[in-house]
Trainee: 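Please find one structure pasted underneath; my questions will follow.
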Amino acid sequence: MTAIEVDGVGKSYTGRKKRTDALSGVRLSVPSGGFVSLLGPSGCGKTTLLKCMDGLIPVTEGEIRVGGAPITGPGRDRAFVFQDFRLLPWRTVLGNVTFPLEGTVSSRAEREEIARRHIEMVGLAGFERHHPHELSGGMQQRVGIARALAVDPDILLMDEPFGALDAQTRELMQIELLRIWELTGKTVVFVTHSVDEAIFLSQRIAVFSARPGTVAAEFEVPFAYPRDEHAVRGDSRFTGLRHDIWRLLKGDTHAFSE
Ligand SMILES: Nc1ncnc2c1ncn2[C@@H]1O[C@H](COP(=O)(O)OP(=O)(O)OP(=O)(O)O)[C@@H](O)[C@H]1O
(Lines give C-alpha, C1' and ligand atoms only; values in the text may rest on other atoms or scores of the structure.)
Protein backbone atom coordinates (compact mmCIF):
# COMPACT_ATOMS: atom_id res chain seq x y z
CA MET A 1 0.00 0.00 0.00
CA THR A 2 1.16 3.53 -0.74
CA ALA A 3 1.47 5.84 2.28
CA ILE A 4 2.43 9.03 0.46
CA GLU A 5 1.95 9.94 -3.17
CA VAL A 6 3.59 13.12 -4.44
CA ASP A 7 1.91 13.85 -7.74
CA GLY A 8 3.42 16.52 -10.00
CA VAL A 9 4.17 18.87 -7.10
CA GLY A 10 5.51 22.36 -7.63
CA LYS A 11 6.12 24.91 -4.92
CA SER A 12 6.99 28.57 -5.31
CA TYR A 13 7.58 31.08 -2.53
CA THR A 14 6.32 34.50 -3.46
CA GLY A 15 7.78 37.44 -1.61
CA ARG A 16 7.02 41.12 -2.18
CA LYS A 17 9.86 41.49 -4.69
CA LYS A 18 11.01 37.99 -5.45
CA ARG A 19 9.59 34.64 -6.39
CA THR A 20 11.55 31.45 -5.65
CA ASP A 21 10.65 28.26 -7.45
CA ALA A 22 11.67 25.64 -4.91
CA LEU A 23 10.11 22.50 -6.45
CA SER A 24 8.87 21.57 -9.89
CA GLY A 25 7.09 18.47 -11.18
CA VAL A 26 8.02 16.25 -8.23
CA ARG A 27 6.71 12.69 -8.42
CA LEU A 28 7.43 10.30 -5.60
CA SER A 29 5.70 7.36 -4.06
CA VAL A 30 6.47 6.19 -0.53
CA PRO A 31 5.17 2.71 0.37
CA SER A 32 3.45 2.10 3.67
CA GLY A 33 6.04 1.06 6.25
CA GLY A 34 8.83 2.05 3.87
CA PHE A 35 12.02 4.00 4.54
CA VAL A 36 12.76 6.51 1.79
CA SER A 37 15.52 9.13 1.88
CA LEU A 38 15.66 12.41 -0.02
CA LEU A 39 19.13 13.51 -1.10
CA GLY A 40 20.05 16.57 -3.12
CA PRO A 41 22.03 19.79 -3.35
CA SER A 42 21.54 22.47 -0.75
CA GLY A 43 18.48 24.55 -1.57
CA CYS A 44 16.89 22.01 -3.92
CA GLY A 45 13.71 21.96 -1.84
CA LYS A 46 14.01 18.84 0.35
CA THR A 47 12.78 20.62 3.48
CA THR A 48 10.10 22.34 1.42
CA LEU A 49 8.82 18.97 0.19
CA LEU A 50 8.83 17.54 3.73
CA LYS A 51 6.85 20.55 4.99
CA CYS A 52 4.38 20.11 2.12
CA MET A 53 4.02 16.43 3.06
CA ASP A 54 3.31 17.51 6.63
CA GLY A 55 0.74 20.03 5.40
CA LEU A 56 2.59 22.90 7.11
CA ILE A 57 2.74 24.75 3.78
CA PRO A 58 0.51 24.34 0.72
CA VAL A 59 1.80 23.17 -2.66
CA THR A 60 1.54 25.54 -5.63
CA GLU A 61 0.95 22.81 -8.20
CA GLY A 62 -0.02 19.16 -8.13
CA GLU A 63 -1.16 17.19 -5.11
CA ILE A 64 0.15 15.17 -2.20
CA ARG A 65 -2.00 12.27 -1.02
CA VAL A 66 -1.64 10.45 2.28
CA GLY A 67 -3.38 7.10 2.40
CA GLY A 68 -5.11 8.07 -0.88
CA ALA A 69 -6.60 11.35 0.41
CA PRO A 70 -5.27 14.79 -0.60
CA ILE A 71 -3.55 16.65 2.24
CA THR A 72 -5.31 19.77 3.43
CA GLY A 73 -3.12 20.55 6.45
CA PRO A 74 -1.18 18.89 9.27
CA GLY A 75 -2.71 15.72 10.69
CA ARG A 76 -2.11 13.31 13.52
CA ASP A 77 -1.15 10.65 10.99
CA ARG A 78 2.14 12.54 10.43
CA ALA A 79 4.86 13.78 12.78
CA PHE A 80 7.91 15.93 12.06
CA VAL A 81 11.39 15.50 13.54
CA PHE A 82 13.59 18.61 13.28
CA GLN A 83 17.35 18.91 12.92
CA ASP A 84 17.50 21.34 15.87
CA PHE A 85 15.28 19.16 18.13
CA ARG A 86 12.86 22.03 19.03
CA LEU A 87 12.34 20.89 22.61
CA LEU A 88 10.66 23.13 25.16
CA PRO A 89 13.59 24.11 27.43
CA TRP A 90 11.45 24.75 30.51
CA ARG A 91 9.84 21.33 30.35
CA THR A 92 11.31 18.03 31.47
CA VAL A 93 11.81 15.07 29.12
CA LEU A 94 8.46 13.73 30.30
CA GLY A 95 6.85 17.16 29.83
CA ASN A 96 8.19 17.43 26.28
CA VAL A 97 6.90 14.01 25.27
CA THR A 98 3.47 14.51 26.89
CA PHE A 99 3.13 17.94 25.23
CA PRO A 100 1.67 16.84 21.85
CA LEU A 101 -0.79 14.54 23.68
CA GLU A 102 -2.34 17.38 25.67
CA GLY A 103 -4.93 18.19 23.02
CA THR A 104 -6.12 14.63 22.56
CA VAL A 105 -5.56 12.55 25.70
CA SER A 106 -7.48 14.06 28.59
CA SER A 107 -6.13 11.87 31.39
CA ARG A 108 -2.76 13.05 32.69
CA ALA A 109 -1.93 9.55 33.95
CA GLU A 110 -2.60 8.14 30.50
CA ARG A 111 -0.47 10.84 28.81
CA GLU A 112 2.38 10.03 31.15
CA GLU A 113 2.04 6.33 30.59
CA ILE A 114 2.22 6.81 26.79
CA ALA A 115 5.18 9.18 27.16
CA ARG A 116 7.09 6.84 29.49
CA ARG A 117 6.65 3.97 27.06
CA HIS A 118 8.17 6.03 24.24
CA ILE A 119 10.93 7.47 26.41
CA GLU A 120 11.89 3.89 27.21
CA MET A 121 11.68 2.93 23.52
CA VAL A 122 14.29 5.56 22.61
CA GLY A 123 16.58 4.42 25.46
CA LEU A 124 16.02 7.30 27.89
CA ALA A 125 14.34 5.52 30.82
CA GLY A 126 15.57 7.18 34.01
CA PHE A 127 15.86 10.64 32.38
CA GLU A 128 12.17 11.57 32.59
CA ARG A 129 12.77 14.40 35.08
CA HIS A 130 15.77 15.89 33.29
CA HIS A 131 15.55 19.15 31.34
CA PRO A 132 16.87 19.44 27.76
CA HIS A 133 19.96 21.44 28.83
CA GLU A 134 21.03 18.49 30.99
CA LEU A 135 21.11 16.18 27.97
CA SER A 136 23.60 15.64 25.13
CA GLY A 137 22.58 16.41 21.55
CA GLY A 138 21.96 12.74 20.83
CA MET A 139 19.77 12.43 23.92
CA GLN A 140 17.84 15.54 22.95
CA GLN A 141 17.12 14.08 19.54
CA ARG A 142 15.97 10.85 21.20
CA VAL A 143 13.43 13.03 23.03
CA GLY A 144 12.47 14.59 19.67
CA ILE A 145 11.87 11.12 18.27
CA ALA A 146 9.92 9.98 21.36
CA ARG A 147 7.75 13.10 21.11
CA ALA A 148 7.03 12.37 17.44
CA LEU A 149 6.23 8.70 18.12
CA ALA A 150 4.04 9.44 21.16
CA VAL A 151 1.12 10.59 18.98
CA ASP A 152 1.34 7.25 17.16
CA PRO A 153 1.63 8.71 13.64
CA ASP A 154 1.73 6.44 10.60
CA ILE A 155 4.43 8.60 9.04
CA LEU A 156 7.61 10.13 10.43
CA LEU A 157 8.96 13.08 8.45
CA MET A 158 12.58 13.56 9.49
CA ASP A 159 14.49 16.66 8.37
CA GLU A 160 18.23 16.00 8.73
CA PRO A 161 17.57 14.74 12.26
CA PHE A 162 21.20 13.77 12.89
CA GLY A 163 22.79 16.73 11.10
CA ALA A 164 23.67 18.53 14.33
CA LEU A 165 25.30 15.50 15.99
CA ASP A 166 28.94 14.45 16.11
CA ALA A 167 29.98 11.54 13.86
CA GLN A 168 29.99 8.87 16.57
CA THR A 169 26.62 9.88 18.03
CA ARG A 170 25.23 10.08 14.52
CA GLU A 171 26.18 6.45 13.83
CA LEU A 172 24.61 5.30 17.09
CA MET A 173 21.43 7.21 16.30
CA GLN A 174 21.24 5.64 12.84
CA ILE A 175 21.33 2.18 14.41
CA GLU A 176 18.75 3.25 17.00
CA LEU A 177 16.46 4.66 14.34
CA LEU A 178 16.53 1.43 12.34
CA ARG A 179 15.75 -0.54 15.49
CA ILE A 180 12.76 1.71 16.26
CA TRP A 181 11.59 1.65 12.65
CA GLU A 182 11.64 -2.15 12.57
CA LEU A 183 9.88 -2.27 15.94
CA THR A 184 7.11 0.19 15.07
CA GLY A 185 6.62 -0.33 11.32
CA LYS A 186 6.27 3.42 10.72
CA THR A 187 6.69 4.94 7.27
CA VAL A 188 9.81 7.15 7.29
CA VAL A 189 10.75 9.95 4.92
CA PHE A 190 14.27 11.04 5.79
CA VAL A 191 16.12 14.10 4.49
CA THR A 192 19.90 13.97 4.63
CA HIS A 193 23.02 15.47 3.04
CA SER A 194 24.99 12.29 3.59
CA VAL A 195 25.09 9.68 0.83
CA ASP A 196 26.44 7.07 3.27
CA GLU A 197 23.68 7.75 5.79
CA ALA A 198 21.02 7.48 3.09
CA ILE A 199 22.40 4.13 1.89
CA PHE A 200 22.80 2.67 5.37
CA LEU A 201 19.27 3.59 6.45
CA SER A 202 16.96 3.47 3.46
CA GLN A 203 15.19 1.03 1.23
CA ARG A 204 15.04 3.64 -1.50
CA ILE A 205 16.81 6.95 -2.18
CA ALA A 206 15.31 9.76 -4.24
CA VAL A 207 18.04 12.05 -5.58
CA PHE A 208 16.95 15.59 -6.37
CA SER A 209 18.30 17.94 -9.00
CA ALA A 210 19.24 21.55 -8.18
CA ARG A 211 16.50 24.15 -7.67
CA PRO A 212 13.76 24.02 -8.69
CA GLY A 213 14.10 20.55 -7.25
CA THR A 214 12.71 17.51 -8.95
CA VAL A 215 13.47 13.80 -8.57
CA ALA A 216 16.42 13.18 -10.90
CA ALA A 217 16.69 9.45 -10.12
CA GLU A 218 15.66 6.83 -7.59
CA PHE A 219 17.96 4.11 -6.27
CA GLU A 220 16.91 0.86 -4.59
CA VAL A 221 19.17 -0.16 -1.72
CA PRO A 222 19.76 -3.92 -1.89
CA PHE A 223 20.56 -4.71 1.77
CA ALA A 224 18.19 -6.70 4.00
CA TYR A 225 17.33 -5.60 7.56
CA PRO A 226 18.51 -5.73 10.26
CA ARG A 227 21.60 -4.11 8.79
CA ASP A 228 25.05 -4.43 10.20
CA GLU A 229 26.94 -1.21 9.63
CA HIS A 230 30.32 -2.83 9.00
CA ALA A 231 28.92 -5.52 6.75
CA VAL A 232 27.01 -2.93 4.69
CA ARG A 233 29.95 -0.57 4.35
CA GLY A 234 32.27 -3.42 3.42
CA ASP A 235 29.94 -4.75 0.71
CA SER A 236 30.93 -4.05 -2.91
CA ARG A 237 27.29 -3.15 -3.66
CA PHE A 238 27.59 -0.30 -1.13
CA THR A 239 30.65 1.06 -2.94
CA GLY A 240 28.93 0.70 -6.32
CA LEU A 241 25.74 2.44 -5.19
CA ARG A 242 27.70 5.19 -3.48
CA HIS A 243 29.67 5.73 -6.70
CA ASP A 244 26.51 5.89 -8.85
CA ILE A 245 24.82 8.40 -6.53
CA TRP A 246 27.92 10.55 -6.31
CA ARG A 247 28.29 10.57 -10.06
CA LEU A 248 24.74 11.87 -10.40
CA LEU A 249 25.25 14.49 -7.69
CA LYS A 250 28.57 15.76 -8.94
CA GLY A 251 26.86 17.42 -11.87
CA ASP A 252 24.96 19.55 -9.36
CA THR A 253 27.01 20.14 -6.27
CA HIS A 254 30.01 19.41 -4.12
CA ALA A 255 28.12 20.20 -0.96
CA PHE A 256 27.67 16.59 0.20
CA SER A 257 29.47 15.05 3.11
CA GLU A 258 31.41 11.88 2.29
N1 LIG B 1 9.79 30.56 3.63
C2 LIG B 1 10.51 30.74 2.50
N3 LIG B 1 10.36 31.87 1.78
C4 LIG B 1 11.06 32.06 0.63
N5 LIG B 1 11.94 31.19 0.13
C6 LIG B 1 12.11 30.04 0.80
C7 LIG B 1 11.41 29.76 2.02
N8 LIG B 1 11.82 28.54 2.47
C9 LIG B 1 12.71 28.08 1.58
N10 LIG B 1 12.89 28.98 0.58
C11 LIG B 1 13.77 28.82 -0.60
O12 LIG B 1 13.36 27.65 -1.29
C13 LIG B 1 14.48 26.94 -1.76
C14 LIG B 1 14.45 25.53 -1.19
O15 LIG B 1 14.69 25.57 0.21
P16 LIG B 1 14.71 24.27 1.14
O17 LIG B 1 15.05 24.70 2.51
O18 LIG B 1 13.46 23.53 0.94
O19 LIG B 1 15.91 23.45 0.48
P20 LIG B 1 16.75 22.21 1.06
O21 LIG B 1 17.00 21.32 -0.08
O22 LIG B 1 16.06 21.65 2.24
O23 LIG B 1 18.08 22.95 1.51
P24 LIG B 1 19.22 22.48 2.56
O25 LIG B 1 19.72 21.17 2.06
O26 LIG B 1 20.24 23.56 2.48
O27 LIG B 1 18.55 22.37 3.90
C28 LIG B 1 15.72 27.74 -1.35
O29 LIG B 1 16.11 28.56 -2.43
C30 LIG B 1 15.22 28.57 -0.20
O31 LIG B 1 15.93 29.77 -0.11
Side-chain angles (χ1 to χ4, degrees), residues 3-6 9-11 13 20 22-24 26-31 33-57 59 64 66 71 74 78-86 137-138 140-142 144-145 147-149 153-165 167 169-171 173-174 176-178 180-181 186-221 241-242 245-246 248-249 252-258:
I4 310 174
E5 193 98 50
V6 180
V9 161
K11 172 69 187 174
Y13 293 102
T20 304
L23 297 169
S24 174
V26 180
R27 287 185 196 284
L28 183 71
S29 183
V30 181
F35 198 126
V36 174
S37 284
L38 313 182
L39 260 179
S42 191
C44 73
K46 304 179 294 296
T47 296
T48 297
L49 181 59
L50 218 57
K51 285 182 180 167
C52 290
M53 286 176 173
D54 199 34
L56 287 169
I57 54 173
V59 302
I64 301 180
V66 169
I71 296 181
R78 285 154 282 150
F80 210 94
V81 178
F82 301 89
Q83 178 177 3
D84 56 1
F85 322 136
R86 308 237 178 141
Q140 291 188 48
Q141 192 55 294
R142 286 172 194 263
I145 293 170
R147 177 183 57 190
L149 289 170
D154 298 328
I155 299 165
L156 277 183
L157 302 167
M158 308 187 82
D159 192 8
E160 289 188 62
F162 308 145
L165 307 178
T169 307
R170 187 172 187 150
E171 284 187 13
M173 291 299 290
Q174 290 167 359
E176 275 293 285
L177 176 60
L178 284 187
I180 292 166
W181 172 66
K186 304 290 180 198
T187 303
V188 177
V189 184
F190 189 96
V191 168
T192 178
H193 276 110
S194 164
V195 175
D196 287 17
E197 181 169 73
I199 298 175
F200 178 60
L201 293 176
S202 337
Q203 292 171 316
R204 193 143 48 84
I205 301 171
V207 179
F208 280 66
S209 66
R211 189 165 61 81
T214 197
V215 178
E218 292 191 47
F219 294 85
E220 294 291 330
V221 181
L241 187 55
R242 192 170 187 270
I245 294 174
W246 271 102
L248 181 67
L249 290 170
D252 279 332
T253 185
H254 299 287
F256 287 81
S257 58
E258 279 282 337

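Values below: all heavy atoms of this structure, side chains included; hydrogens, waters and symmetry mates excluded.
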Trainee: What's the verdict on side-chain contact (heavy atoms from CB on, under 4.5 Å) for L157 and F80, showing C-alpha distance, side-chain angles and the deciding distance?
Mentor: CA-CA 5 Å; L157 302 167; F80 210 94; 4.0 Å; yes
Trainee: How far apart are the closest heavy atoms of I71 and C52, and which atoms are they?
Mentor: CD1-O, 3.7 Å
Trainee: Nearest 0.5 Å please: distance from the OG1 atom of T192 over to the CZ atom of F200.
Mentor: 13.0 Å
Trainee: Hey, what do you get for CG (L178) to CG (L201), rounding to the nearest 0.5 Å?
Mentor: 5.0 Å
Trainee: Could you check if a side-chain atom of S202 sits within less than 4.5 angstrom of a side-chain atom of V188, using non-hydrogen atoms only?
Mentor: no
Trainee: In the structure I gave you, are the side-chain heavy atoms of P31 and T187 within less than 4.5 Å of one another anywhere?
Mentor: no
Trainee: Hey, could you give me the CZ/CE distance between R170 and M173, rounded to the nearest 0.5 Å?
Mentor: 11.5 Å
Trainee: If only atom types and distance count, is the side chain of T214 paired as donor or acceptor with the main-chain N or O of S24 below 3.5 Å?
Mentor: yes
Trainee: What are the two closest heavy atoms between C44 and S209, and how far apart are they?
Mentor: CB-O, 3.2 Å
Trainee: So which heavy atom on P153 is nearest to which on A79, and how close?
Mentor: CG-CB, 3.7 Å
Trainee: By salt bridge (Lys or Arg N to Asp or Glu O under 4.0 Å), which residues pair with R204, not counting sequence neighbours?
Mentor: E218, E220
Trainee: Distance check, rounded to the nearest 0.5 Å: T47 atom OG1 versus D159 atom CG?
Mentor: 3.5 Å
Trainee: Just by modelled atom types, is the A22 backbone N or O under 3.5 Å from a matching donor or acceptor in the T20 side chain?
Mentor: no
Trainee: Do L28 and M53 touch side chain to side chain, with heavy atoms closer than 4.5 Å?
Mentor: yes
Trainee: Counting C-beta onward and ignoring hydrogens, is there a side-chain heavy-atom pair between D196 and R242 closer than 4.5 Å?
Mentor: yes
Trainee: With side chains defined as the heavy atoms from C-beta onward, is the minimum distance between V191 and E160 less than 4.5 Å?
Mentor: yes
Trainee: What class does the angle between the rings of W181 and F35 fall in, given that below 30° is parallel, 30 to 60° is tilted and above 60° is perpendicular?
Mentor: perpendicular
Trainee: Taking all non-hydrogen atoms of both residues, which atom of A206 and which atom of V215 are closest, and how far apart?
Mentor: CB-CG1, 4.2 Å
Trainee: Taking only residues two or more places apart in sequence or in another chain, which ones pass side-chain hydrogen bond (donor to acceptor under 3.5 Å, both in side chains) with E171?
Mentor: none
Trainee: What heavy-atom pair brings L248 and A216 nearest, and what distance separates the two atoms?
Mentor: CD2-CB, 4.4 Å
Trainee: Does K11 use its side chain to pair, donor to acceptor, with the backbone of L49 at less than 3.5 Å?
Mentor: no
Trainee: For the backbone of F85 and the side chain of R147, can you confirm whether one donor and one acceptor N or O come within less than 3.5 Å of each other?
Mentor: yes
Trainee: Could you go through the side-chain contact (heavy atoms from CB on, under 4.5 Å) check for L177 and M158 one step at a time?
Mentor: CA-CA 11 Å; L177 176 60; M158 308 187 82; 3.9 Å; yes
Trainee: Measuring from atom CD of Q140 to atom CG of D84, what distance do you get when rounded to the nearest 0.5 angstrom?
Mentor: 10.0 Å
Trainee: Just wondering, do I4 and R78 contact through their side chains at under 4.5 Å, heavy atoms?
Mentor: no
Trainee: When you compare the side chain of I245 with that of I199, does any pair of heavy atoms fall below 4.5 Å?
Mentor: yes
Trainee: Compare every heavy atom of L38 with every heavy atom of K46, then report the nearest pair and how far apart it is.
Mentor: CD-O, 3.8 Å
Trainee: Side chains of K186 and L149: closer than 4.5 Å at any heavy-atom pair?
Mentor: yes
